[in-house]
Amino acid sequence: MRLHLSRRRTVALAAVAAVLLVMSTLIFWPDGTPRVQPGAAPDSLTFEPCTYGTEAGSRPADCGTLVVAENRANPASSLIALPVVRIRATAQPVGEPIVRLGGGPGLSNMDFPEAGRLTDHHDVVLVGYRGVDGSRRLDCPEVTSELQSSSDGMTGPDTLSATSRAFGKCANRLQRSGVDLTGYSAAQRVEDMESARKALGYQRVDLVSSSAGTRTAMVYAWRHPESLLRSAMISVNPPGHLFWNPRVTDSQFAQYADLCRADTTCAAKTPDLAKTIRESVATMPSRWGPLSIEDTNVRVLSQYAMHHNGPGSAPNNAATAIDAYLDGGPGALWAMSVLSQVALPTSTVWGEFASFAMIDAPAARQYYAQGGDPGSILGNASTDFLWAGPGGVDTVWPDSPDNAGYRTVRPSAVETLLIGGELDFSTPPVNATDELVPALSRGHQVILPGLGHTNDFWEHRPEAGKHLLTTFFDTGRVDGSRFDRRPVDFGAVPLSMSAIAGLLIGITTGAVLIGLLVLGLLVRRRLRRGAPSRRASRWLRALTMVPLGLAGWFLGVLITWTLAPGWFIAAPVVVVPGTGLLIGLGAHVARSAASPGSRLTAAATVAGALVGALAGSLVATGLMTPVLGIVGAALGANFVVEFWGQRPRAEVIPGAAA
């Protein structure tokens, strides 16, 4: 006897095995980050023509790689590579190039769709941030995991302690792998910009910076004033303010309260908006029915949502957050708790954030030493989220010697424009007015009425923003006359947190019910019509993969929300069991007559689905985990079904003994 495998089945098995092999090796696949080429010299730049996507369409550009020392203070430092893009000016005459410095910390500097507003007579240059965009990225999965799996909220006492230890573990791991964390400072970032300026042949440049990027612009002006013509800072963050002063935050809530009284819709809901939010936060319920609400998660998301009030930032904007407190009830607060834990842990590159933020470590220590929160509306939650509380990041992350000279404001003669939003909760313009403007001998400040943080500037009156910036860069004049006051529209909430809560519950429970219905229909079909043909079996298994996989995942999500709030909804422990079980059972029920139907077969199919789901889940991160978990479960189950269906068939071999 010998096994006889059909050609089609052999090809199918080989294809499934190949896909599983590809999935298992994805984790080792090289990413698209720049690389230091053999023989590359420090401060060398290579370029080739490319295009860059802006809100106005693709623009001609040059894309390249800048090679720099990881730590310029160390002659034996290794080299790292950073991406560089130059978006070319579209018309003559061409003025000084504009170097962009985006916010964060921990965010890329390479995403700037608004660049097209500045390229009429200027090249726009983007240089990747070391630690985020370069060949060495300071990811801290240890920190992300702790924040995602917090059982007492992202800033609960247990989580803060665990997160602080996670930052320490990340720092130790990176240093053991050869990373010099003291090289990832604002000063070294500035030197990267200087290297690019020199390599591109520019005598002087202009700067356009935003949020935390304005700190880099300040250091640039202090270190290399001769290299700069003009600097425009949007949402200015002076030294010592990489956290939120709760007294200032409360004063901004008072501003919103005044606006609420003047708004008919808002005033009908509360006579004192600030007082209502304070009472709602203080008496926040711990559950919405069976679903857990983590109050510190809600506080953190509230702080971030209040940064912007423009509709383009919805639902993460002030109007939506205020609506949640006024109209939403427990369901809206639960949605904020869930969204906070899903979105914020992965919102930054934590290692780069820590390295950059250490410039303000003394200020953070002083804040906590003085008692921290004095009893404000949102409390310490947001600052705790960034610094892992008192004795957190500042005690476990190495501080760069570069930071010592830039922790207080220095005088500067560089012509500088400061742009702030009147209602900016992230970088209140009063900080720049009181602390930075007096140190600028050629400084100008524009405070835009009714606007919040950076996104509001780019969103509201694009032509006015373009005119303000380009007029300043071209002539040094400051003309904000084209801006008007944008009233805060308290009623403009296209998707409320209450509606989001309903969608989350409806989608998850609906998907579970649909998946169970699909499984029931498969069973019913088999009982009534018998086993399907091989072709029909393959179609059934392919078509039911998604509904069964989603049902398994969402079943795990419902269990997490009700019984295990410390689990992250896309963690393998949530994804794998339900996904593997339902897809495995579905594949077994949909098997053809060629496959045996014993309990051992069913167990093997479910086991194959579980193994495949685990393999897929371990390859991915974040919300890609359930996607690849479902694909892996389907491949694993189908591999077993196809293999198990290879029944040996006797073949008569001439000359063989009877």
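Side chains included, hydrogens not; waters and symmetry mates left out as well; all remaining heavy atoms used.
When only modelled atom types and interatomic distance are considered, T155 and D384 share no side-chain donor-acceptor pair under 3.5 Å. Between the side chains of N309 and N317, no donor N or O sits under 3.5 Å from an acceptor N or O. A side-chain donor from one of D373 and S376 sits under 3.5 Å from a side-chain acceptor of the other. For the 3.5 Å distance criterion, the side chains of H453 and S211 qualify, holding a donor opposite an acceptor. Of the N and O atoms on the side chains of S150 and Q341, at least one donor lies less than 3.5 Å from an acceptor on the other residue. Donor-acceptor pairing under 3.5 Å is lacking for the side chains of N380 and T383. No side-chain donor from either of T214 and N237 sits under 3.5 Å from a side-chain acceptor of the other.
Not counting sequence neighbours, the partners of F112 by the ring-ring contact (aromatic ring centres under 6.0 Å, His included) test are W458. Legend: residues meeting salt bridge (Lys or Arg N to Asp or Glu O under 4.0 Å) with E352, ordered by chain and number and at least two apart, are R189. By the side-chain hydrogen bond (donor to acceptor under 3.5 Å, both in side chains) test, T508 is found to be paired with no residue, residues two or more places apart in sequence or in another chain being considered. Residues forming a ring-ring contact (aromatic ring centres under 6.0 Å, His included) with W397 (at least two apart in sequence, or on another chain): none.
Screening residues 277-304 for ring-ring contact (aromatic ring centres under 6.0 Å, His included), with sequence neighbours left out, gives W244-Y304, W288-W334, Y304-H307.
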Check: residues 564-578 side-chain donor-acceptor pairs under 3.5 Å, at least two apart:
none

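A side-chain hydrogen bond (donor to acceptor under 3.5 Å, both in side chains) with T454 is found for exactly one of S235, S210, S209, namely S235.
Summarising the geometry of V36 relative to A81, their closest heavy-atom pair is CG2-N, 3.6 Å, with the distance given to 0.1 Å. Contact between G629 and T579 at its shortest, heavy atoms only, is O-CG2, 4.0 Å.
A salt bridge links R173 with E142: the closest approach of a Lys/Arg side-chain nitrogen to an acidic carboxylate oxygen falls below 4.0 angstrom.
The 12-atom threshold is exceeded at CZ of R407, counting heavy atoms of other residues, nucleotides or ligands nearer than 6.0 Å.
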